[in-house]
Colleague: 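Structure in structure tokens, see below.
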Amino acid sequence: MKKHLLIICCIVLLWSCKNKTQQDDNTILIDELVTFVINDFPKAHNFDDDIFISGDFEGWSGGQEQFKLKKENNQYVITIPKYKKNISYKFTKGNWETVECEPNGNPKENRTYSFSKLKDTVVISILNWTDKRQQNKPSTATSNVQVFAENFEIPQLNRKRRISIYLPPNYSTSKESYPVLYIQDGQNVFDVSTSYSGEWEVDETLNKMYDESGFGLIVVAVDHGGEKRLNEYSPWNNDKYGKGEGKLYLDFLVNILKPEIDKRFRTKLDSQNTVVMGSSMGGLFAHYAAIDRPDVFGKAGVFSPSFWYADSVFKLPTVTSNLKDSRFYYVAGEKEGSNVAQLMNKMVGLIKANGFSENRIHNKIVENGTHSESFWKTEFQSAISWLFNIEEQ
């Protein structure tokens, strides 16, 4: 009897210790907080405006109600817990058209923060706000970029979207047909006047590549859906961000937009001459599209993919014969938050383990790379060169 009682006492003691440890761990997680205080603003700042923090920890939404700062005596304050050890973020007035920027109106690099204290305070100065009502930025798009449609219908989603197109320098003087790149977040592809965080300079880069090697490429840039961006670029649901609409968006690209582009322009129709590309959530979508529809997209440029968005992204089917000719270019920076590089490496390892040929997949981690357009534009030429076997100059 005493022996049984001793055993019961030991079990109770062990359970109590375990429970206390869990409580202590939870306390530590709750106490790992950072408070951002904005107390310095541009002269023209209107204190009636709301300010939001947006970053990789909440899907770069541009502004969610739960991340709206509180106004306290001509300053704005918000405290957030440790979602990830390292986060990237910016401040907006509720959307990407009103994101903070440099004093001259140029895009500002993402801010970063690393959790290293239980409770921390960061004082912020806002140098300027992007405001399309005040913007008079000249367009930086080259002459071979045009707006294909201001309000192109997406019947699958009951929405409309602006679509821009880049044509090679010799398009009007030749009878050639060209490969086509479909790229996401079209606002940031060609033109600083439409971008909210800088542009990729895709048109300038491709013009230079044409001058150096004669390589011509048509680019179709589809604007993202603003507050619907996360939903449109993910085929998987997310408890926090809602229903995934990526399957419907992919159906639009494949069955509505691509046939229209092929009808209107001299395009090479086969999958080996059709590329899908994007960054962040757009990178997640490009990865998904190329694996789900290799009969359409035989090449993919996957920049800083948001593989953190859903666990289902790692539940890949075994690589089948219809993927044997596909080519994937993955790239991320070491200085990105949300374990972007680590999760990308995990995905590449999974794909290879499922039978994908190593010489048809390129995986690159850049030492000083950040989650930004300024990083992605420096990698664009390398991605296109590798995908099409073009020797870089």
Colleague: Please check if any side-chain donor atom of N188 sits under 3.5 Å from a side-chain acceptor atom of D185, or the reverse.
Modeller: no

Colleague: Taking all non-hydrogen atoms of both residues into account, name the closest pair between V275 and G301 and its distance.
Modeller: CG1-N, 4.4 Å

Colleague: If we only count heavy atoms from C-beta on, is the M277 to Y329 side-chain gap below 4.5 Å?
Modeller: no

Colleague: Cut-off 3.5 Å, side chains only: do N170 and Y178 have a donor facing an acceptor?
Modeller: yes

Colleague: Output yes when E232 and K243 qualify as a salt bridge under the 4.0 Å nitrogen-oxygen rule, no when they do not.
Modeller: no

Colleague: Cation over ring, R266 on Y171, under 6.0 Å and within 45°?
Modeller: yes

Colleague: Taking S61 for its side chain and G63 for its backbone only, find out whether a donor-acceptor pair lies under 3.5 Å.
Modeller: yes

Colleague: Do N110 and S88 have a side chain donor and acceptor closer than 3.5 Å?
Modeller: no

Colleague: Hey, is the main chain of E245 close enough, under 3.5 Å, to the side chain of N231 for a donor-acceptor pair?
Modeller: no

Colleague: Would you check if K335 and T112 make a side-chain contact, meaning some heavy-atom pair closer than 4.5 Å?
Modeller: no

Colleague: Decide yes or no for N207 and Y166: does some side-chain heavy atom of the first lie under 4.5 Å from some side-chain heavy atom of the second?
Modeller: yes

Colleague: Is the shortest heavy-atom distance from the side chain of F328 to the side chain of H362 under 4.5 Å?
Modeller: no

Colleague: In sequence, state the C-alpha distance, the side-chain angles, and the governing distance for L250 and F285, and then conclude on side chain to side chain contact (heavy atoms under 4.5 Å, CB included).
Modeller: CA-CA 9 Å; L250 176 59; F285 174 78; 4.0 Å; yes

Colleague: Has S54 got a side-chain atom pairing as donor or acceptor with G62's backbone, closer than 3.5 angstrom?
Modeller: yes

Colleague: CG/D120 to NZ/K82 distance, rounded to the nearest 0.5 angstrom?
Modeller: 12.5 Å

Colleague: What distance separates S193 OG from E199 CD, expressed to the nearest 0.5 Å?
Modeller: 8.5 Å

Colleague: Looking only at the side chains, is there a donor atom on one of T267 and D262 sitting less than 3.5 Å from an acceptor on the other?
Modeller: yes

Colleague: Would you say the side-chain atoms of N39 and Y76 include a donor-acceptor pair closer than 3.5 Å?
Modeller: no

Colleague: Ion pair present between R161 and D223, side-chain N to carboxylate O less than 4.0 angstrom?
Modeller: no

Colleague: Between S195 and Q187, is there a donor-acceptor pair closer than 3.5 Å when you use the side chain of the first and the backbone of the second?
Modeller: no

Colleague: How about W376 and H371: are their ring centres within less than 6.0 Å of each other?
Modeller: yes

Colleague: Short question: side chain of E367, backbone of E334 - any donor-acceptor pair under 3.5 Å?
Modeller: no

Colleague: Which pair of heavy atoms, one from V302 and one from G283, lies closest together, and at what distance?
Modeller: CG1-O, 3.3 Å

Colleague: Is the CG atom of N151 crowded by more than 12 outside heavy atoms at less than 6.0 Å?
Modeller: yes

Colleague: Quick one: CE on M344 to NZ on K364, what's the gap to the nearest 0.5 Å?
Modeller: 10.5 Å

Colleague: Quick one: does L343's side chain get under 4.5 Å of F314's, heavy atoms only?
Modeller: yes

Colleague: With a 3.5 Å cut-off and no angle check, do the side chains of D191 and T194 form a donor-acceptor pair?
Modeller: no

Colleague: Under a 4.5 Å side-chain heavy-atom rule over Ile, Leu, Val, Met, Phe, Trp and Tyr, are M347 and I365 clustered together?
Modeller: yes

Colleague: Taking everything shown except E72 itself, do over 12 heavy atoms lie less than 6.0 Å from its CD?
Modeller: yes

Colleague: Measure centre to centre between the rings of F215 and F388, then say whether the value is under 6.0 Å.
Modeller: yes

Colleague: Nearest 0.5 Å please: distance from the OG1 atom of T205 over to the CD atom of E379.
Modeller: 11.5 Å

Colleague: Using a 4.5 Å cut-off on heavy atoms from C-beta on, say whether the side chain of I165 contacts that of V219.
Modeller: no

Colleague: What verdict does the side chain to side chain contact (heavy atoms under 4.5 Å, CB included) test give for Y241 and R229, after you've listed the backbone C-alpha separation in whole Å, the side-chain angles of each residue and the deciding distance to 0.1 Å?
Modeller: CA-CA 10 Å; Y241 304 118; R229 177 177 180 268; over 6 Å; no

Colleague: Does some side-chain heavy atom of I38 sit less than 4.5 Å from a side-chain heavy atom of L69?
Modeller: yes

Colleague: Just to verify, which of N74, I51, I124, N128 counts as forming a side chain to side chain contact (heavy atoms under 4.5 Å, CB included) with F41?
Modeller: I51

Colleague: Counting heavy atoms not belonging to K85, are there more than 12 under 6.0 Å from its NZ?
Modeller: yes

Colleague: Is R360 reaching over with its side chain to a backbone N or O of D325, donor-acceptor style, under 3.5 angstrom?
Modeller: yes

Colleague: Under the side chain to side chain contact (heavy atoms under 4.5 Å, CB included) criterion, do V122 and V34 qualify, and how do the steps go?
Modeller: CA-CA 7 Å; V122 177; V34 58; 3.9 Å; yes

Colleague: For T92 and E100, test the side chains for any donor-to-acceptor distance below 3.5 angstrom and give the result as yes or no.
Modeller: no

Colleague: Does the side chain of N144 come under 3.5 Å of the side chain of D203 through a donor N or O and an acceptor N or O?
Modeller: no

Colleague: Whether the S116 and S114 side chains hold a donor-acceptor pair (N or O, under 3.5 Å, no angle test) is what I'd like checked.
Modeller: no

Colleague: Using modelled atom types and a 3.5 Å cut-off, is there a donor and acceptor pairing between side-chain atoms of E204 and backbone atoms of L206?
Modeller: no

Colleague: If Ile, Leu, Val, Met, Phe, Trp and Tyr residues are connected whenever their side-chain heavy atoms lie under 4.5 Å apart, and connections chain through other members, are I78 and F47 in the same group?
Modeller: yes

Colleague: If you round to the nearest 0.5 Å, how far is CD of E358 from CD1 of I351?
Modeller: 12.0 Å

Colleague: Hey, would you say the F375 and F303 ring centroids sit under 6.0 Å apart?
Modeller: no

Colleague: Any donor-acceptor pair under 3.5 Å linking the side chain of R327 with the backbone of K299?
Modeller: no

Colleague: Above 12 or not: heavy atoms from other molecules or residues under 6.0 Å from NZ of K346?
Modeller: no

Colleague: Where do L181 and V276 come nearest, in terms of heavy atoms and distance?
Modeller: CD1-C, 4.3 Å

Colleague: If you compare all heavy atoms of S271 against all heavy atoms of P294, which two are closest, and at what distance to 0.1 Å?
Modeller: CB-O, 3.4 Å

Colleague: If we ignore hydrogens and angles and just use 3.5 Å, is the side chain of S234 paired with the main-chain N or O of W236 as donor and acceptor?
Modeller: yes

Colleague: With a 6.0 Å cut-off on ring centres, are Y233 and Y249 close enough?
Modeller: yes

Colleague: Output the distance between atom CZ (R111) and atom CD1 (I53), rounded to the nearest 0.5 Å.
Modeller: 9.0 Å

Colleague: Are the aromatic rings of F297 and H287 close, with centres under 6.0 Å apart?
Modeller: no

Colleague: May I ask you to check whether Y83 and E32 show a side-chain donor-acceptor distance below 3.5 Å?
Modeller: no

Colleague: Any idea which heavy atoms bring C101 and K108 closest together, and the distance?
Modeller: CA-CB, 3.9 Å

Colleague: Do NZ/NE/NH1/NH2 and the carboxylate oxygens of K247 and D292 come within less than 4.0 Å?
Modeller: no

Colleague: Can you tell if the side chain of V220 reaches within under 4.5 Å of the side chain of F148, non-hydrogen atoms only?
Modeller: no

Colleague: Can you confirm whether more than 12 heavy atoms, excluding those of N359, are under 6.0 Å from its CG atom?
Modeller: yes

Colleague: I'd like to know if the side chain of W96 and the backbone of W60 have a donor-acceptor N/O pair within less than 3.5 Å.
Modeller: yes

Colleague: I want to know whether F307 and Y309 have ring centres closer than 6.0 Å.
Modeller: no

Colleague: Check this for me: does any side-chain nitrogen of one of R159 and E153 sit under 4.0 Å from a carboxylate oxygen of the other?
Modeller: no

Colleague: Count the heavy atoms belonging to other residues, nucleotides or ligands that lie under 6.0 Å from NZ of K258, then report whether that count exceeds 12.
Modeller: yes

